[in-house]
Amino acid sequence: MSTSGTPQFRYTQTPSKVLHLRNLPWECTEEELIELCQPFGKIVNTKCNVGANRNQAFVEFADLNQAISMVSYYASSSEPAQVRGKTVYIQYSNRHEIVNNKSPGDVPGNVLLVTIEGVEAGDVSIDVIHLVFSAFGFVHKIATFEKAAGFQALIQFSDSDTASSARNALDGRSIPRYLLPEHLGSCHLRISYSAHTDLNIKFQSHRSRDYTNPYLPVNPTAIEGIVQPALGPDGKKKEPESNVLLASIENMQYAVTVDVLHTVFSAFGTVQKIAIFEKNGQTQALVQYPDLTTAAVAREALEGHCIYDGGYCKLHLSYSRHTDLNVKAFSDKSRDYTIPDASLLAAQQASSLPPAPPVWQNPQSAQMYPGNDFGATAAAHAQIPRGQVASWDPNMQAGRLTFVPAASSYPSQNFAAASVPAYATAATSGGSLPLSQRSPITSGVPSSVITQPGVPPNLRPGGASPPGVQPGGVSPPGQSYYGQ
DNA sequence: AGCACA
């Protein structure tokens, strides 16, 4: 009964009316296929956007000789077959008819997947997209995101008729020039249907909008219309403050566990969540405080310091773009201290192997993208072709972490410091930071945070500690951590 | 850069 006996393809192909085309550009349209193939004969069927990358297609000619003529032409031509400047490779298909030419993107629905070619995310605002598509009916929701294919938007209409009229009118067309920044050339729209029927928008932001729900909260780190990062007085990009710190750990001679980090960072306030991950071979961690001020204090105090004496495990701190991490409550790489009885979860976690893959690996279950700030992008993940995991850091494949590492998944976002509400100023105005009494570290070697090298603080919880060494997290900030 | 759909 198995169908897996035959090889996937053969190196010698018998001629077929059906040609297999690969290395096509993303979202290649049927029109483009026809333009390429019809000089050789009558095309009776096509199937576009095939394969994991949606860059393959099939074309069926009315007559075998027409297919043969196309293959032979390009076999001896000095000019390769091209679509949109990409060389297209043509072979006989190993089938002799196209049985079903409907691609998922061709099945009508009320949600359109729009790819805007040749632009970056900041070039076309969500308001422009809304304006363009509103011409065809009430736009319920828009979610924008960047994927390998480029800048994309999911646009939700009431029904598939409205969506179809928009698709028919706009597919392959360009957004009017006057709606775009001057530096842009043409930007064509490629439109297909999404399998979604209802987008899950969690915030009004510059990347997602729900026009049916004006009371939806505005994402404080993604307020609409602010695309350019705020500039500091020196003209350099000013780093947006955040209650979440990104810690890079340099010279990691000792294991830095979640417990170690918790100990270190708890000196400045309640640590809500921690996630450790690898990035470019370096260990990094996200540490979440309840507020900006605490994060700012911790950042000031710890920047450049080492967790252990001797220059080991040196911390470099910056603000994360996250405001609320979505982490496993208890794993070896993450902790959510806001969940009571996390330790109980630990036992269950430990016994269940292998760890469940993050939901985004499964397009079927990608309807809900749990807890990240960009709920709207949940829908985007359903667009990941079957079996393909998008451009995720391979280290994440361990499946331990469910938070989204911003840098790898949303490469081009620019959250503006200016968009942070008023309380941000509290963090920067602090002439009276609790730690300001510490002497500035002028020598090249900052003092360590934990004064006993090689003795992880988590091994000495609370109680008895060697003379002169404070158990981590117990002392108020600014005292013994920097004593000698 | 290498074959869809059930």
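Per chain, numbering begins at 1; letters A, B, ... match sequence-line order. Heavy atoms only: backbone and side chains are in, while hydrogens, waters and symmetry mates are out.
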Non-neighbouring partners of A:Asp159 that pass side-chain contact (heavy atoms from CB on, under 4.5 Å), sequence neighbours left out: A:Asp161, A:Thr162
Excluding sequence neighbours, so at least two apart, what forms side-chain contact (heavy atoms from CB on, under 4.5 Å) with A:Thr87? A:Pro80, A:Gln82, A:Tyr89
Within this structure, what is the [atom1]-to-[atom2] distance between [X] and [N], rounded to whole angstrom?
X: A:Ile90; N: B:dC3; atom1: CD1; atom2: P; value: 16 Å
X: A:Gln56; N: B:dC3; atom1: CD; atom2: P; value: 6 Å
X: A:Glu97; N: B:dC3; atom1: CD; atom2: P; value: 20 Å
X: A:Asn55; N: B:dC3; atom1: CG; atom2: P; value: 11 Å
X: A:Asp106; N: B:dA4; atom1: CG; atom2: C1'; value: 13 Å
X: A:Asn49; N: B:dA4; atom1: CG; atom2: P; value: 14 Å
X: A:Asn53; N: B:dA4; atom1: CG; atom2: C1'; value: 14 Å
X: A:Leu21; N: B:dC3; atom1: CG; atom2: P; value: 13 Å

Between B:dA4, B:dA1, B:dC3, which nucleotide gets closest to the side-chain atoms of A:Lys47? B:dA4
Of the nucleotides B:dA1, B:dG2, B:dC3, which has the atom closest to the A:Tyr89 side chain? B:dA1
Excluding sequence neighbours, so at least two apart, what forms ring pair (Phe, Tyr, Trp, His ring centres under 6.0 Å) with A:His140? A:Phe138
Please work out whether the ring planes of A:Phe157 and A:Phe133 are parallel, tilted or perpendicular, with thresholds of 30° and 60°. tilted
Here's a test of your reading of the structure: between A:Asn23 and A:Val50, which maps to the more 5' nucleotide of DNA chain B? A:Asn23
Without placing hydrogens or testing angles, list every side-chain donor-acceptor pair under 3.5 Å for residues 174-181 of chain A, not counting sequence neighbours.
from     : atom 1 : to       : atom 2 : distance (Å)
A:Ser174 : OG     : A:Cys187 : N      : 3.2
A:Ser174 : OG     : A:Cys187 : O      : 3.0

Can you tell me if CD on A:Gln253 sees more than 12 non-hydrogen neighbours from other groups inside 6.0 Å? yes
Filter on salt bridge (charged side-chain N to carboxylate O under 4.0 Å, His left out), then keep only pairs touching residues 74-85 of chain A, sequence neighbours left out; what's left? A:Glu32-A:Arg84, A:Arg84-A:Glu117
Listed in order of residue number, which residues of residues 57-66 of chain A have a non-hydrogen atom at under 4.0 Å from DNA chain B? A:Phe58
